[in-house]
Structure formats: C-alpha cells, structure tokens
Amino acid sequence: MGFAIDLAGTRHRFADLKALLAAASPHRSGDVLAGLAAADMRERVAARYLLADLPLRTFLDEALIPYEADEVTRLIVDSHDAAAFAPVAHLTVGGLRDLLLSETVDGAMLAALAPGLTPEMVAALSKLCRNQDLIAIAAKTRVVTRFRSTIGLAGTLAVRLQPNHPVDDPMGIAASTLDGLLLGSGDAVIGINPASDSVQRAGELLRLLDDLRERYAIPTQSCVLTHVTNSILAIEQGAPVDLVFQSIAGSEAANQGFGVTLALIGEAREAALSLGRGTIGDNVMYFETGQGAALSADAHHGVDQQTMEARAYAVARAFDPLLVNTVVGFIGPEYLYDGKEILRAGLEDHFCGKLLGLPMGVDVCYTNHCEADQDDMDTLLTLLGVAGVNFVIGVPGSDDIMLNYQSTSFHDALYLRRTLGLAPAPEFAAWQREMGLVEADGLPRRLSPDEAARLLPPPL
Amino acid sequence: MTLPVDDSPAARLRAATQARIALGRSGAALPTGPMLAFQLDHACARDAVHLAMDGDTLAQLIGGETLSVRSRADTRETYLKRPDLGRALDPGCAPMLDAAAGQGHDLALVVGDGLSAHAVHAHAPALIAVLRERLSGWRIAPVVLARQARVALGDAIGERLGAAIVLMLIGERPGLSSPDSLGAYLTWAPRIGRRDSERNCVSNIRPPHGLSYDQAADRIAWLLNAARSRRVSGIALKDETDMPLLADPNAP
C-alpha cells in the first residue's frame with residue numbers, strides 16, 4: 001500500500017508502510033547507510049503528517065516483515081492482546097500521542113494498554129514525539145521486576161555494576177566490584193562481560209560473584225554475560241546462575257546472527273527458573289539490545305533501525321525479564337553519528353520499551369570514534385532519570401577497560417540519584433545502612449582503604 | 001634503596017586492575033584531578049581518530065618502493081559514516097596497482113590509517129622492518145599506503161596486485177588508554193567480497209603496553225606461512241593455535 005501527500009507545494013510519495021516509517025524517523029546515520037532515510041527534511045515531515053493520520057489497526061493488518069518468513073513477526077501477531085488494544089482501537093497514531101499526553105492517562109492505564117500495543121505501533125508513535133513527549137509519557141509508567149532486589153519502583157534508580165577486566169582477572173574484577181559497592185552501585189545486578197567465551201571461565205566468574213554476594217549478604221543478583229548456550233551448560237555443570245543473559249534483535253535472521261532462536265531463549269529461561277535462586281521474584285532474564293544490530297547483521301528487511309529495535313522488545317517481553325538494557329552508543333558512528341543521535345535513540349528506546357511493558361535500563365555510552373563526549377552523556381543520563389529509567393550502568397570512572405568504550409560511572413549514578421532525589425532499590429538501600437556504607441545524607445561514607453577493607457573484606 | 005612493598009588488601013586490589021577505581025569524590029562527582037585525566041585520555045583518543053596519515057614520512061621510514069592509494073571515502077566524516085566506502089578502492093587508484101602487479105606477488109603489504117593514524121605512525125615502519133627480516137624468501141609487492149581505509153580495502157588492493165596474501169596493518173579503534181594500537185589482518189587469496197571470517201588478526205600491537213614488534217612479527221609470520229601452505233585463512237587457521245587470531249567484530 002503506497003502513501004502520498006501534498007505539502008508546501010510538493011507531492012511526497014512513499015512506496016509502503018516500511019518506507020513511511022523510515023522516512024518519518026529522526027535523522028540517524030544508520031538509516032542513511034541503509035538507504036532508508038528521508039531524502040530531505042520536508043519529506044521527513046510529510047511522512048509524519050501521513051503517519052499521524054494512520055489508523056493503529058493498520059499495523060495489525062500489515063506486517064513489515066512477513067509472518068511466514070519471521071518468527072519475531074509471528075510472536076508479535078500471535079501474542080497481541082485484542083482486549084487490551086480495544087480502548088485505543090479506533091485511534092490513529094497521532095490520536096494515540098494526544099491521548100497518552102493527556103492528563104487522563106496514568107501509569108495504570110499504560111500498564112493495562114501495554115499488551116495491546118505492538119512494537120510497530122510504539123515505534124510509529126515515537127516518531128511523532130518530541131524528546132519531551134518521550135520523557136513525559138514514559139515518566140507516567142513504572143515497570144517493576146524482582147529477583148533478590150526490587151527494581152523499577154517510583155523514586156528509585158538502580159545500577160548494573162559492570163566490573164569488566166580485559167583478561168577476566170578475578171582480583172581485578174573483585175577490585176572494581178568492591179569499588180562499585182562502596183559507591184552504591186550493584187543493586188540492579190553485578191554483571192561481567194567476560195573476555196573469554198569458555199563455559200569453564202564463565203563458571204569461575206559466576207562462583208567469584210556468588211561468593212562475594214554471599215560473603216557480604218548483598219540483596220542483589222549476579223550475571224556473566226555469555227551466550228545462552230554457555231549459560232545452559234553452566235547451569236548443567238552446577239554453576240550458580242542467577243540471571244541468563246542474551247543479546248537480541250528484532251528479526252529472526254538477526255537473532256540467528258546472535259546464535260539464538262525464541263525456543264532456545266525459552267529453554268535457557270526454564271533452566272534458570274529450575275534453580276529457584278530468586279528470593280522475592282522470578283524474573284530471571286537479562287537482555288541487551290541496541291539500534292543498528294539488525295542492519296549490521298544485514299537482517300533488517302528494509303525496516304528502519306528504530307523500528308527494528310522496538311521489535312527486539314517483543315522478543316524480550318515474551319520472557320518476563322528482570323532487566324532490558326539498550327546499549328545505545330556502543331555500535332558506532334555509522335549507526336548513531338553524534339551526541340544528538342545517541343541522545344534521541346536513548347530516549348526512544350526507553351520510551352518504546354516502557355510502553356511495551358519492559359523494565360528498561362539504558363547503557364548511556366559512546367565510543368571514541370563517535371562525535372560525543374561526557375557532556376552528551378550527562379545530558380542523556382539526566383533526561384533518562386527524569387523519564388524514570390529503571391537502571392543505568394556503573395563502570396569505574398566511565399572507562400570500560402575490556403570493551404573499550406565509555407559508559408556511565410558509579411559517580412554518575414550518585415549524581416543522578418542525588419540531583420533527582422532517587423534511592424537505590426529498597427533492599428539494597430537497607431543493606432547499605434546495615435553495613436555502615438552510607439552517611440546520613442545517603443552518599444557513600446568516605447572510608448580510608450583500610451576501613452573499606454574492614455567493612456567489605458576483599459577475597460584475598 | 002628498596003621501596004617498602006605495600007601489601008595491604010587495598011594496595012593488592014589496586015594493583016590488580018587498570019580500571020579507574022578508588023578515585024575519591026567531590027560531593028557526588030569526580031574530583032577535579034581524575035576528571036581532567038579522563039578528558040586528556042579522551043582527547044588523545046579523539047585526536048588519534050581524526051589525525052591525517054602522513055604518507056611522505058611513512059614512505060621515507062618504510063623505505064623501498066611505495067604506492068599511495070585511497071578509498072572512496074573522501075573525508076573523515078564520510079569514512080566514519082560510510083564503512084562501505086572505506087572498503088572500496090577509489091577507481092583512480094586502480095591503474096597504478098594493476099601496473100605494479102607484474103608477475104604477481106607472494107604478499108601485498110598495506111598500511112591503512114583505519115581509526116588511528118597515530119598507531120600507524122608509531123608502529124608500522126618498525127613492524128615492517130622486523131617482518132621483512134622474517135620473510136626473506138617472499139616476493140613482496142611495493143608497500144601500499146592507504147588513506148581512509150577499512151580492513152577490507154586490502155582485498156581490492158591485494159587482488160589488483162596479484163598477491164597470494166594481503167596483510168593489512170591498520171590503526172585500531174582507540175581505547176581511552178590505548179590511542180595507538182595497531183592491528184594486522186591477513187587474508188589468503190584477497191578478492192572483493194571476502195568475509196571477516198576469512199581473515200586472521202593479530203591485534204594490540206603497541207609496545208611497550210601491548211605486543212612487541214618481535215611478538216607480533218612471530219605471530220604474523222606463523223600465520224603467513226600457515227596460510228601459504230594450507231592455502232586458506234580465517235577460521236580454518238584459528239583452530240591450530242591457542243592464540244585469539246580471528247578478526248575482531250570491532251575491526252576498523
């Protein structure tokens with residue numbers, strides 16, 4: 001089905017729904033690379049006019065990637081909740097924007113609506129939203145998940161402590177972990193990206209983290225971010241697996257590039273659930289995503305990168321995750337060129353994930369070949385805090401010495417909590433107080449190295 | 001004089017990682033010292049990405065006959081946004097390479113700026129000198145200096161030079177503490193369209209912090225000889241060594 005509109009003396013034509021969505025997307029280098037971006041600014045706005053008048057039902061009738069060819073499309077179609085959709089079934093995309101911004105819509109209504117929305121609907125909606133709309137609508141809703149800590153409550157901000165080391169040195173990882181715990185990070189998860197792909201090493205790292213967690217009785221969970229097949233093997237070998245990690249994307253072919261199918265992810269989830277390690281909840285999955293992943297695997301089917309990213313969230317929500325993390329600036333400037341594009345993408349991803357009912361966190365990050373710096377990250381971090389992001393990443397001094405990119409630091413999380421009046425996950429905050437790790441004002445105690453070693457004795 | 005060894009738990013932890021731990025805090029923020037140290041490291045990395053390759057000096061230091069080519073990415077901005085153009089040879093450079101093919105070569109050596117001309121300036125000439133010693137019997141084509149180059153640009157160059165193997169020495173994406181890391185990518189039977197899984201890689205060449213020239217040259221020479229005798233490169237060669245020699249997904 002083609003689309004056309006006359007605007008400001010020019011006729012704009014779009015071959016199909018995919019082309020319309022791509023042209024309506026704010027500018028980003030990945031869509032230009034894919035040959036999908038609007039030819040000029042007027043064409044972009046023309047696409048938005050057409051999108052605003054498009055009935056939401058269109059997305060139920062017309063699949064961007066054929067049902068027969070793609071298991072993610074089948075998941076989206078087969079799991080759509082028509083009853084949840086009913087209250088907005090008569091609306092256009094523009095009408096949905098007006099409704100969600102209105103004061104009559106609150107978090108409970110958004111939560112009830114989530115199963116009725118498809119990724120394509122929220123992606124289309126996001127393309128009509130200014131940054132402030134992405135923040136204002138997302139801030140209305142909370143998505144709360146639990147394992148040993150409660151993540152996503154209003155007034156809280158959790159942190160994934162990311163203690164990576166280039167050769168997985170246990171003492172180096174312990175050093176970064178203790179530094180993060182002392183600075184109040186780790187309530188979302190303590191999660192290592194391993195340098196090695198071996199199952200045996202994953203098991204060793206899992207035991208290291210589990211021993212630390214038990215030694216200090218920390219109400220949190222650990223994760224080694226290795227492939228699901230490695231996690232399944234580690235579970236079979238008796239390793240203490242709290243959360244199963246997997247990178248996912250928005251098409252079957254892109255997921256094949258990651259070496260996973262929906263069935264395999266389901267199998268890994270069942271294996272983790274069988275261990276029954278969660279004390280206050282059983283959200284056992286940790287997913288990572290990022291705009292551009294499908295294009296980089298040449299598995300985007302001519303769909304723009306932001307819509308493909310939203311489709312990845314359909315995969316995530318099928319498995320009831322504890323954490324979903326969009327690693328927004330990691331992929332590089334050929335997908336998100338500069339601070340402006342990274343900022344926009346981070347807000348879009350958080351917005352789309354939250355509207356689809358996901359516990360969204362954002363890795364606010366960049367690489368050294370991106371036109372971005374710490375100031376850009378401060379801006380995105382602050383906006384995400386206002387939007388109610390569930391968690392961010394904590395890396396010592398923002399410098400991930402294994403993955404060679406810059407993320408947010410333990411300090412950045414402290415800044416955000418302090419400036420916006422946010423607390424850690426409640427169980428973790430109670431632990432900090434019991435252990436004597438915080439001052440009366442909630443900031444970390446200033447400890448000498450010896451005092452710190454007495455409070456949290458390192459595993460030497 | 002012997003300095004006292006600090007074996008306190010804190011010191012032992014501190015020594016276990018290069019991560020930026022124990023930075024202190026000013027309120028919730030980084031103290032001024034570590035904040036500026038970070039900015040300096042980021043500035044070094046950013047400048048390395050945008051530094052132009054100095055072909056004249058490189059040609060002089062490398063010695064022998066050299067050829068200069070460029071990719072179809074005409075500016076650094078285009079290079080960063082369009083990796084496809086950085087993999088394609090500028091058509092104007094083709095005749096010069098064709099003319100240099102002669103009866104063919106055992107090896108084409110390409111020096112590409114990649115994401116860090118700084119790395120190339122610092123390490124490529126010395127590494128090539130050591131490599132030449134280890135490859136005395138090889139017929140090596142004139143060294144090609146390639147601007148705005150991605151790894152796969154070597155395929156077009158090697159193919160036109162009639163080389164059995166292409167070795168691309170290229171500046172790797174700078175890390176915050178490693179703005180000068182050189183990578184070496186080897187491809188048997190270079191042809192346009194080769195996949196990354198068909199290459200082998202020796203990365204992090206940057207003495208004194210990373211691999212020394214001798215260590216790197218040993219690994220590269222092993223790979224070159226193995227590729228020549230097995231007539232293959234990539235995954236097939238990786239299986240025979242413990243070294244992580246496959247092309248990195250973050251390759252320039």
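Per chain, numbering begins at 1; letters A, B, ... match sequence-line order.
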Proximity breakdown for [X] and chain B, heavy-atom pairs closer than 4.5 Å:
X       : result
H165(A) : side chain
S296(A) : neither
Q374(A) : side chain
D400(A) : neither
P170(A) : neither

Between P9(B) and chain A, which part of the residue has a heavy atom less than 4.5 Å away: side chain, backbone, both or neither?
both
Hey, does the side chain of [X] reach the backbone of [Y] with a donor-acceptor pair shorter than 3.5 angstrom?
X       : Y       : answer
R446(A) : R25(B)  : yes
H411(A) : G27(B)  : no
R46(B)  : A372(A) : no
D179(A) : A22(B)  : yes

At their closest point, which heavy atom of L13(B) faces which heavy atom of P458(A), and how far apart are they?
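In terms of heavy atoms, the two residues are closest at CD1-CB, 3.7 Å.
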Between atom [atom1] of [X] and atom [atom2] of [Y], what is the distance when rounded to the nearest 0.5 Å?
X       : Y       : atom1 : atom2 : answer
I401(A) : S177(B) : CD1   : OG    : 8.0 Å
L176(B) : Y405(A) : CG    : OH    : 12.5 Å
L30(B)  : S398(A) : CG    : OG    : 7.0 Å
I21(B)  : D399(A) : CD1   : CG    : 12.0 Å

By side-chain contact (heavy atoms from CB on, under 4.5 Å) - contacts of [X] (at least two apart):
X       : answer
A254(A) : A249(A), S251(A), A294(A), A299(A)
L416(A) : L157(A), L381(A), L420(A)
A43(B)  : none

Heaviest contributor of heavy-atom pairs below 4.5 Å to chain A, chosen from M35(B), H42(B), R14(B), is H42(B)
Can you list the residues of residues 73-82 of chain B that sit under 4.5 Å from chain A, counting heavy atoms only?
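From residues 73-82 of chain B, the residues near chain A are E77(B), L80(B), K81(B), R82(B).
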Could you check T17(B) against D169(A) for side chain to side chain contact (heavy atoms under 4.5 Å, CB included), going step by step and ending with a plain yes or no?
CA-CA 8 Å; T17(B) 180; D169(A) 178 70; over 6 Å; no
